[in-house]
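Before any comments, here is the structure.
Sequential numbering from 1 along the given sequence is applied to the chain's residues. Source: prediction; values computed, not measured.
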Amino acid sequence: MQITLTAEFTAAFPEGVFGALVARGCPNRLRATALRPRQREVEARLREQFAARPIEDDAVAGPYAAYFKRWGQRYPVAHQAKTILAGRPIEGPSALVEAMFTAEVATLVLTSGHDLAALAGALLVDVARDGDRYTRLGGKEQALRPGDMVVRDGEGIIACVVHGPDFRTRLRDDTDAALFGAWCPVGLSEQVVAHHLEVLSALIRLEWPAAQLDPPLIHSSG
């Protein structure tokens, strides 16, 4: 998978990092099964780690929370983690999404998932401009906020930080190969992204032992 950071991105986000993991041979299904013990471990660790302090004070969640606050929104992964602190288990609409959600709350790194076959050519990590629009995961057309971090393929925007992944390249019921993106516009290092992709890789191998995983790709402005 070819991934390029545009000059506009590196200028707008001098600390920006984008990581990607391609997984093949991981046919999606309604529920994950082998992940259950690992999910319980992640939930228990979160409840211990944040028993007495806000998630937004975390070294990883903090920069995201500040970024989303600029746009008048809250960090969605911190919100997911808070539901776990309140007693809900990690869950998702499909096994691939569940693996992604488990990695997200384990590391607090924002992640998107895409059907590899739906992607059109190389990816550009870029900045949203006036007039940019895409169809959100729920099927609603969305005007983007100029200045937000986005990724484009040959047919358009596949995701942005503020509004999330698109509908066209979403993880489907019949997806058997996926690209996962780790989005870090501000305040996080390549090492944080590398660790996150290692956690996600381990979860995919646990649920799909025969999956083929490409070496993680990490691109940074620095």
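Salt-bridge formation is detected for the pair Glu43/Arg40: a Lys NZ or Arg NE/NH1/NH2 atom is positioned less than 4.0 Å from an Asp or Glu carboxylate oxygen. A salt bridge between Arg38 and Glu207 is absent, with no side-chain N of the basic residue lying under 4.0 Å from a carboxylate O of the acidic one.
Residues Glu155 and Ala120 come closest through the heavy atom pair CG-CB, 3.6 Å. Across Pro165 and His114, no two heavy atoms sit closer than the pair CB-CE1, 4.1 Å. Smallest separation of non-hydrogen atoms from Leu119 and Leu123: CD2-CD2, 4.4 Å. Of all non-hydrogen atoms in Phe9 and Val17, the two that sit nearest each other are CZ-N, 4.5 Å.
No donor-acceptor contact under 3.5 angstrom links the side chains of Glu15 and Ser221, judged on distance only. No hydrogens or angles considered: a donor-acceptor pair under 3.5 Å links the side chains of Thr175 and Asp115.
We find the OG-CG distance between Ser112 and Leu179 to be 7.0 Å, quoted to the nearest 0.5 Å. The OG1 atom of Thr102 lies 6.0 Å from the CG atom of Leu203; values are rounded to the nearest 0.5 Å.
Each of Ile158 and Leu137 belongs to its own hydrophobic cluster when Ile, Leu, Val, Met, Phe, Trp and Tyr are linked at side-chain heavy-atom distances under 4.5 angstrom.
Checking side-chain atoms of Tyr134 against main-chain N and O of Arg168 turns up no donor-acceptor pair under 3.5 Å. Judged purely by atom type and a 3.5 angstrom limit, Asn28 uses its side chain to pair as donor or acceptor with the backbone of Leu96.
Proximity of Val109 to Tyr64: side-chain heavy atoms (C-beta onward) are separated by under 4.5 Å at one or more points. Between Tyr67 and Val162, the closest side-chain pair of non-hydrogen atoms falls below 4.5 Å. Trp208 has its side chain within reach of Pro27: a pair of non-hydrogen atoms, C-beta onward, lies under 4.5 Å apart. In this structure the side chain of Arg31 reaches within 4.5 angstrom of the side chain of Arg36, judged on heavy atoms.
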Glu56 vs Lys82, salt bridge (Lys or Arg N to Asp or Glu O under 4.0 Å): CA-CA, chis, key distance, verdict: CA-CA 10 Å; Glu56 289 81 2; Lys82 288 175 183 177; 2.7 Å; yes
